[in-house]
Amino acid sequence: MLVMAMSIGKSQSYDEELRVRKIREGTVIDHITAGSALTVLRILGISGKEGNVISIVMNVPSKKLGKKDIVKIEGRELNSKEVAMIALIAPRATINIIRNYKVVHKERVRLPPEIRDIIRCINPNCITNSEREPVQPLFKVLSDNPLKLRCQYCSIILTQEDVERQLG
Ligand code: CTP
Ligand code: ZN
């Protein structure tokens, strides 16, 4: 085992296969910002109680990102709408749909033009934070990467850091 561990690094695919094998059917979310896999699952509302096999790999070497996380969800095909919100914390993530061991669809995650849930406005005086008659938050996505969201009510700009503080 130690010998294998020492010899990996030469072949990245071999390296990855040692950690988590290929799946037969389901969804692979790849190129997740290193360290964010658990937040991705939380955003997707996946707790593990659903019963399907879920594999999480964190901080593995990546040519494009230096380090990345990967989440593999077996027996379930997530669509681009379902995964869109993970772009909030993993803007370079790709969603791969796997059927019979083959990648049949690959797509980069993309935020919708507007975000209505998940995020709260950081301005305590914003109408969306009022205790008496709170209004549902609504943000316009100005930019994906680096993340910039503008509150439609008070116009304050939320950055990646603001969003990570809430979701991470
Ligand atoms: N994958 C998997 N099971 C399969 C097929 C692919 O778990 N049956 C995983 C791979 O390990 C990889 C991701 O799905 O993490 C995408 O697979 P693939 O497109 O073959 O890899 P790359 O070409 O490296 O992807 P990219 O170009 O997006 O980096
Ligand atoms: Zn606001």
Side-chain angles (χ1 to χ4, degrees), residues 8-37 40-41 44 46 52-80 82-83 86-88 90-110 113-142 145 147-163 165-167:
I8 58 173
K10 282 179 191 158
S11 156
Q12 191 163 338
S13 60
Y14 183 52
D15 186 3
E16 268 184 27
E17 273 164 35
L18 280 176
R19 292 192 169 104
V20 181
R21 63 184 170 79
K22 301 255 179 217
I23 66 170
R24 190 160 66 89
E25 317 278 348
T27 306
V28 174
I29 307 169
D30 197 0
H31 306 119
I32 298 170
T33 312
S36 297
V40 163
L41 286 172
L44 292 173
I46 293 172
N52 27 1
V53 176
I54 295 171
S55 312
I56 301 163
V57 187
M58 297 179 79
N59 301 316
V60 289
S62 155
K63 286 192 197 98
K64 289 182 206 162
L65 303 179
K67 277 182 182 180
K68 68 174 179 180
D69 290 3
I70 308 168
V71 169
K72 301 190 182 192
I73 302 155
E74 296 186 40
R76 189 171 159 197
E77 295 189 1
L78 296 167
N79 63 44
S80 45
E82 288 176 286
V83 300
I86 73 170
L88 286 170
R92 302 193 62 175
T94 50
I95 166 175
N96 298 273
I97 304 298
I98 315 292
R99 288 184 197 149
N100 197 21
Y101 290 102
K102 293 210 163 62
V103 177
V104 297
H105 185 76
K106 186 191 288 283
E107 203 179 315
R108 178 112 164 237
V109 299
R110 272 195 65 196
E114 290 183 341
I115 295 177
R116 273 176 201 285
D117 36 28
I118 297 191
I119 306 294
R120 279 179 297 106
C121 185
I122 52 169
N123 171 7
N125 298 322
C126 180
I127 188 168
T128 62
N129 286 319
S130 101
E131 277 183 25
R132 300 255 299 284
E133 288 180 71
V135 171
Q136 189 186 37
L138 176 61
F139 299 95
K140 183 154 178 63
V141 177
L142 301 182
N145 191 15
L147 186 67
K148 267 193 192 143
L149 307 178
R150 187 181 64 213
C151 176
Q152 291 296 67
Y153 294 97
C154 72
S155 297
I156 203 168
I157 305 286
L158 273 69
T159 63
Q160 190 79 52
E161 269 188 351
D162 297 318
V163 170
R165 210 171 290 131
Q166 291 184 35
L167 297 177

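Residue indices begin at 1 and follow the sequence shown. The shown structure was predicted, so the numbers you read here are calculated from the model rather than taken from an experiment. Every number for a ligand or one of its atoms is a count from 1 in the order of the listing.
- The atoms of ligand 1 that sit less than 4.0 Å from any heavy atom of Ile98 are 4 (C), 5 (C), 6 (C), 8 (N).
- Put simply, the side chain of Asn123 never gets that close to the backbone of Ile156: no donor and acceptor are under 3.5 Å apart.
- A side-chain donor-acceptor contact under 3.5 Å links Asp69 to the backbone of Ser36.
- Checked against side-chain hydrogen bond (donor to acceptor under 3.5 Å, both in side chains), Glu74 has no partners two or more places apart in sequence or in another chain.
- With sequence neighbours excluded, no residue satisfies side-chain hydrogen bond (donor to acceptor under 3.5 Å, both in side chains) with Ser55.
- Listed by atom number, the atoms of ligand 1 under 4.0 Å from Lys64 heavy atoms are 29 (O).
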Exercise for review: Would you sort out whether Arg76 and Glu82 count as a salt bridge (charged side-chain N to carboxylate O under 4.0 Å, His left out), showing the intermediate values?
Suggested key: CA-CA 12 Å; Arg76 189 171 159 197; Glu82 288 176 286; 3.8 Å; yes
Exercise for review: Give the C-alpha distance, both sets of side-chain angles, the deciding distance and a yes or no for salt bridge (charged side-chain N to carboxylate O under 4.0 Å, His left out) between Glu77 and Arg99.
Suggested key: CA-CA 9 Å; Glu77 295 189 1; Arg99 288 184 197 149; 2.8 Å; yes
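- Using a 3.5 Å distance cut-off with no hydrogens or angles, the side chains of Lys106 and Asn96 do pair a donor with an acceptor.
- Of the N or O atoms in Lys68, none lie within a sub-3.5 Å distance of an N or O in ligand 1.
- Among Arg21, Arg99, Lys106, the residue whose heavy atom lies nearest to atom 23 (O) of ligand 1 is Lys106.
- By the 4.0 Å heavy-atom criterion, His31 is counted among the residues contacting ligand 1.
- Remark: Gln152 engages Glu114, Leu138, Lys140, Arg150 in a side-chain contact (heavy atoms from CB on, under 4.5 Å) (not counting sequence neighbours).
- Arg108 places a side-chain N or O within 3.5 Å of a backbone atom of Pro91 that can act as its donor or acceptor partner.
- Distances below 4.0 Å separate heavy atoms of Asn96 from the following atoms of ligand 1: 13 (C), 16 (C).
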Exercise for review: Given side chain to side chain contact (heavy atoms under 4.5 Å, CB included), test Ile98 with His105 step by step and report yes or no.
Suggested key: CA-CA 7 Å; Ile98 315 292; His105 185 76; over 6 Å; no
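- Distances below 4.0 Å separate heavy atoms of Asp30 from the following atoms of ligand 1: 12 (C), 13 (C), 15 (O).
- Around the Zn ion (ligand 2), the protein N, O or S atoms closer than 2.8 Å are Cys121 SG, Cys126 SG, Cys151 SG, Cys154 SG, listed by chain and residue number.
- Under 4.0 angstrom from ligand 1, the non-hydrogen atoms of Lys72 all belong to its side chain.
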